[in-house]
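Bear in mind the structure is a predicted one, so any value in this text is a computation, not a measurement. Residue numbers start from 1 in every chain, and the chains themselves are labelled A, B, ... in the order their sequence lines are given, proteins ahead of strands.
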Number of protein chains: 2
Amino acid sequence: MSAPPSTSSSGFNAAAGKPATIHDVAALSGVAASTVSRALSTPGRVNFRTRARIEAAAAELKYIPNAQAKALSSGRTKAVAVLVADITNPFYFDIIRGTQLQLKAAGYTQLLVDTEESEEVEANSIEQMLQTADGVILTASRLSEEALTLSATKMPLVTINRQVTGIPSVILDTPTATNQALDHLISLGHSQIAYLGGPASSNSNIRRWEALNAAAKERGVEVLKLGPFAPRTYAGAAAADALVHSGATAGIVFNDLIAIGMLQRLQARGVRVPQDISIVGCDDIFGADFCSPPLTTVTAPVEQAGRVAVTMLLSQINPTLGTLPRQQSVLPTHLTIRGSTGPAAVPS
Amino acid sequence: MSAPPSTSSSGFNAAAGKPATIHDVAALSGVAASTVSRALSTPGRVNFRTRARIEAAAAELKYIPNAQAKALSSGRTKAVAVLVADITNPFYFDIIRGTQLQLKAAGYTQLLVDTEESEEVEANSIEQMLQTADGVILTASRLSEEALTLSATKMPLVTINRQVTGIPSVILDTPTATNQALDHLISLGHSQIAYLGGPASSNSNIRRWEALNAAAKERGVEVLKLGPFAPRTYAGAAAADALVHSGATAGIVFNDLIAIGMLQRLQARGVRVPQDISIVGCDDIFGADFCSPPLTTVTAPVEQAGRVAVTMLLSQINPTLGTLPRQQSVLPTHLTIRGSTGPAAVPS
DNA sequence: AACTTTTTGACAACCGATTGCCATTTCTAG
DNA sequence: CTAGAAATGGCAATCGGTTGTCAAAAAGTT
């Protein structure tokens, strides 16, 4: 049957350059629009032969379902928002990479949102995403427990590095490895150790310091707390100066960004690493392995954290698979020893 | 007036936990839904007092317009897709950062898409985005000129580092600075110079090599072409070996990723940089300043490229402002000299 | 005061799907 | 051969807005 150039009411093919709609497909295959919808989504709901016809028509017209219309009528957007505090930070890039990969594999779109380290922007973004996304992944949330719990009742939510009862979360277990770092330094003979802290509002920072402090007490050494420092390389200068001034021979740093900045500053000041001072970073970001000296750091599976978060979120969004969605996932970390740590300087 | 607990037809307030709609706002302020729509979008179209009432009602109900519905009826999604070839590459992160910042400032959402270095995935993604986004930014497109031109007729498009007549583009003028790099090396006494190329399908790679080759001829030196190498640090090992084997005393490398990988490999092999071999990178990515030795490289305003691309795209999407949208924007780059280049080794 | 011009707001038709409900048709079984 | 179940496809309402059209109201003119 060749298509007659019908001058009838509404042309069923995309005469204009406009993309084909479900109605075009319906017209071409001689069924109702609803049937097309069912054929394409509910496999068993439509006759085998009919479906074949419809699929052929869809292919011919290069039909691509309109995401907006789909979202409006179904309530599902097939999009997930990933909120990061600061897109400038390489740490988040690894997370984004992980979420992107996993979301794409599941056919979801990633909405990247920068909350600019602001609690307010974060809250607004979540509110906004309520309608725009099927779920949200919060990396290093600044929100209060109450606010988070409330948000979690409104939509699927997964946090990374933020633990709140009742909210699924992915935790990078850095405290454990930070304690390893402490042991590492102690075994190298260090006794004056400092912790160079990150933002006061950072949950990871608090957890890490508490674990470190407790571990230090256990081992009978004292750990000095310095900071807070902004999680940027340039803050490393201040951190380095503070460390030198404190008299400690080793520093455990909130993250690699600051640690790398410290390395540069120490070098500029003529302080040798690790001969004069040892430095331990955290995260093992891009660059930690090739800075000078290569950074001893706590390696965390950051990208994997992003992937796991997506998996948990999706199982929350589509609870079909019988398996109960995991509520929590703790990812192990480990200490990677490179060149920035060494034996404590012998007091001359 | 206190709100009576009316049992009338449809409750106008969000009795359930559902977000308020335009109808709720309309009911609460006693006007039609269309009036609410106009009050909120077309400022002068609605009476001052009425608008105030509506805005108050909207605020009270915490009304947030539904993005999907808006998109469906208006045809505009307020979203822009940014296609990157490989989200793993730090280079793209700088672009993403730039686009994110600028898009957010304009109230647009960024849809991040990884095309996995595949022409097909890229083509599909564009097709998909036709309905989902108001415009697309293509970073380092792999598509043919015809395909690009065709796509550009269907929706607003801006390319980065890809020049096709008729399509607005942002070009990072690396060739010019690469030639500076050549002069730099020549002035240091190098005469055996190699270009370590990137992916054969990369447009930047081709442009850069052509410029370099032409410049070399002008200056009467010979530049050897090696590669292609994948734009990854691990490819640096092969690149380094190839460079050493070639006998050249200096290498101009496709990008910093490879260059940094080379630095590591050369160090492992005991080849000193810059004493034995000089290396020039490209892009000045995160890490180029603190690797060992710090990398001499072509600094490109990558983040700015992202921002400019967004600006150009938006002026294409909203041609209101009278000014003609710029068709092309060439961003200057410069050579940043650090520690990886030095005088040519005197043949012993 | 009568008439024209401008504002302002409501009605209703989309946008492109999904989905509950119902009418056929087909298959199975009694 | 027919009643009843299962499979199949269509109608129409709905999602939450936008926007063209038009009537009513307000303002301005003479």
Side-chain angles (χ1 to χ4, degrees), chain A residues 9-10 12-14 16 18-55 57-58 61-79 128 130-132 134, chain B residues 9-10 12-14 16 18-55 57-58 61-79 128 130-132 134:
Chain A
S9 55
S10 60
F12 61 76
N13 61 355
K18 298 304 148 203
T21 75
I22 203 172
H23 295 101
D24 299 326
V25 177
L28 181 55
S29 47
V31 298
S34 55
T35 305
V36 175
S37 174
R38 289 202 177 91
L40 266 34
S41 55
T42 325
R45 187 68 177 66
V46 163
N47 183 290
F48 167 73
R49 311 183 67 81
T50 313
R51 174 146 51 105
R53 267 216 329 282
I54 293 175
E55 278 167 355
L61 295 174
K62 296 189 180 167
Y63 167 68
I64 298 177
N66 181 306
Q68 270 68 41
K70 213 163 180 163
L72 183 56
S73 57
S74 71
R76 275 164 272 114
T77 60
K78 278 279 190 176
Q128 176 74 253
L130 220 65
Q131 321 218 16
T132 304
D134 289 346
Chain B
S9 56
S10 59
F12 63 74
N13 61 356
K18 297 304 147 203
T21 75
I22 202 172
H23 295 101
D24 299 325
V25 177
L28 181 56
S29 47
V31 298
S34 56
T35 304
V36 176
S37 174
R38 289 207 172 86
L40 266 34
S41 54
T42 324
R45 188 68 178 67
V46 163
N47 182 289
F48 166 72
R49 313 184 65 80
T50 312
R51 175 144 52 104
R53 269 217 327 283
I54 292 176
E55 277 167 355
L61 295 174
K62 295 189 180 165
Y63 167 67
I64 298 179
N66 182 305
Q68 270 68 41
K70 216 162 178 163
L72 184 56
S73 57
S74 70
R76 276 164 272 116
T77 60
K78 278 278 192 178
Q128 176 73 254
L130 219 66
Q131 322 219 15
T132 305
D134 289 347

Q) For nucleotides 10-19 of chain C, read 5' to 3', which letter fits each nucleotide if B means a protein heavy atom sits under 4.0 Å from the base, S means only the sugar-phosphate is that close, and - means neither? A) BBB--BBBSB
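Taking both residues in full, the closest heavy atoms of B:A57 and B:L28 are given as CB-CD2, 3.8 Å, listed atom of the first, atom of the second, then distance. Contact detail for A:R53 and A:G30: the closest heavy-atom pair is NH2-O, 4.3 Å. Among all heavy-atom pairs drawn from B:A33 and B:I22, the shortest one is O-CD1, 3.6 Å. When every heavy atom of A:Y63 is checked against every heavy atom of A:T21, the shortest pair comes out as CE1-C, 3.6 Å. Closest approach of B:Q128 to A:I64, counting heavy atoms only: OE1-CG2, 4.0 Å.
As a whole-Å value, the separation of B:R51 CZ from C:dT7 P is 15 Å. Atom NZ of B:K78 is separated from atom P of D:dG17 by 16 Å (rounded to the nearest Å). A straight line from CG of A:N47 to C1' of D:dG10 spans 15 Å, rounded to a whole angstrom. For the pair A:R49 CZ and D:dG9 C1', the computed distance is 16 Å after rounding to whole Å. Per the geometry, CZ belonging to A:F48 stands 19 Å off C1' belonging to D:dA6, to the nearest Å.
To the nearest 0.5 angstrom, A:R38 atom CZ is 11.0 Å from A:I54 atom CD1.
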**Q.** Stepwise side-chain contact (heavy atoms from CB on, under 4.5 Å) check, B:V36 with B:V31
**A.** CA-CA 7 Å; B:V36 176; B:V31 298; 3.8 Å; yes
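Two residues are said to be in side-chain contact when any heavy atoms from C-beta on lie closer than 4.5 Å; A:T132 and A:T77 fail this criterion.
Note that the two end axes of the helix from C:dA1-D:dT30 to C:dG30-D:dC1 enclose an angle of 40°, each drawn from 5 base pairs, rounded to 10 degrees.
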